[in-house]
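Read the structure below first, then the notes.
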Amino acid sequence: MDNRPIGIFDSGVGGLSIWKEMVGSLPNESIYYYGDSRNCPYGPKKPKEIKQLCANITKFLLEKNCKMIVVACNTATSIAISTLRKSFPIPFIGIEPAIKPAALHTKSGKIGVLATLGTIKGDLFNATKSRYTENIEVVEQIGHGLVELIETGKGESEEMEELLNEYLNPMMANGVDKIVLGCTHYPFISNSILKIIADKADLINPAPAVTQQILRISDKNQLQASAPTSPEYKFYISGNKQNFEQFFYESFSNFDKEIKFLKI
Ligand code: DGL
């Protein structure tokens, strides 16, 4: 049994889609979230810079005594997780676009992936793609500008609608019937996406698979918190703390546990 917190990070608010799932499935665990909104977006950055940012965040979370780290960012996972695993002696759980379930369940043989430039160019994504999509057509689309709009509270704006139409209509015209949300920010715009894809395609959200993996790794390494505990939820924000907090309460208005938001 281990009551140290689980660390989780993302370039900003996106990892909250994983955090929410974790709070529900791991009710005894304290969770410390690092939102690197000062350096958001990661997607267009050079791999070297992303690796450095991820290493700095990992050091920070280790100083806060975290027992494992969830890389709740597809871009950071794709670019940096193997280096992190080599450099730090704790378990890392990453998130990858859910190509495998999409490829298994498509009926049209065509799946769409909406993700950042960093994820789509990353080795991990390309290795997963060649492993699971031999006879499947994968239509890739970089979500230029989407993360920035979500971070600035414009998730439901005309600008967002225009971009989503531009990115998704060609996929629909091509006969894609599964869309993989390959960025942890995108579940927060799923309503707008669903309006466009209507009954032509389904969305695949990988968050539940991540919590399953956390459970497996905790079990294997005997890292589960002992019950009953009163878990601590902390958020360390490198950029605009007020924006982050506002996004949090707009997204999870019913959340009634104690939370601390800290500017770093
Ligand atoms: N939430 C992120 C991801 O899953 C990062 C997006 C970004 O900062 O570009 O890829």
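In this text, all values refer to a predicted model and were calculated from it rather than measured experimentally. Ligands are counted one by one from 1 in listed order, and the atoms in each one are counted from 1 as well. In this chain, residues are counted from 1 in sequence order.
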Does a side chain donor of either Q52 or N56 reach within less than 3.5 Å of an acceptor in the other side chain? yes
So does E63 pair up with K59, basic N to acidic O under 4.0 Å? no
N/O pairs closer than 3.5 Å, ligand 1 and protein:
from: ligand 1; atom 1: 1 (N); to: D10; atom 2: OD1; distance (Å): 2.9
from: ligand 1; atom 1: 1 (N); to: T184; atom 2: OG1; distance (Å): 2.8
from: ligand 1; atom 1: 1 (N); to: H185; atom 2: ND1; distance (Å): 2.7
from: ligand 1; atom 1: 4 (O); to: N74; atom 2: N; distance (Å): 2.8
from: ligand 1; atom 1: 4 (O); to: N74; atom 2: ND2; distance (Å): 3.0
from: ligand 1; atom 1: 4 (O); to: T184; atom 2: N; distance (Å): 2.8
from: ligand 1; atom 1: 4 (O); to: T184; atom 2: OG1; distance (Å): 3.3
from: ligand 1; atom 1: 8 (O); to: S11; atom 2: OG; distance (Å): 2.6
from: ligand 1; atom 1: 8 (O); to: Y42; atom 2: N; distance (Å): 2.7
from: ligand 1; atom 1: 9 (O); to: Y42; atom 2: N; distance (Å): 3.3
from: ligand 1; atom 1: 9 (O); to: G43; atom 2: N; distance (Å): 2.8
from: ligand 1; atom 1: 10 (O); to: N74; atom 2: N; distance (Å): 3.4
from: ligand 1; atom 1: 10 (O); to: T75; atom 2: N; distance (Å): 3.1
from: ligand 1; atom 1: 10 (O); to: T75; atom 2: OG1; distance (Å): 2.6

Are F235 and Y32 close enough that their ring centres sit under 6.0 Å apart? no
Is the gap between the ring centers of F248 and W19 under 6.0 Å? yes
Carboxylate-amine/guanidinium contact K178 D202, below 4.0 Å: yes
Would you call K129-E140 a salt bridge at under 4.0 Å N-O? yes
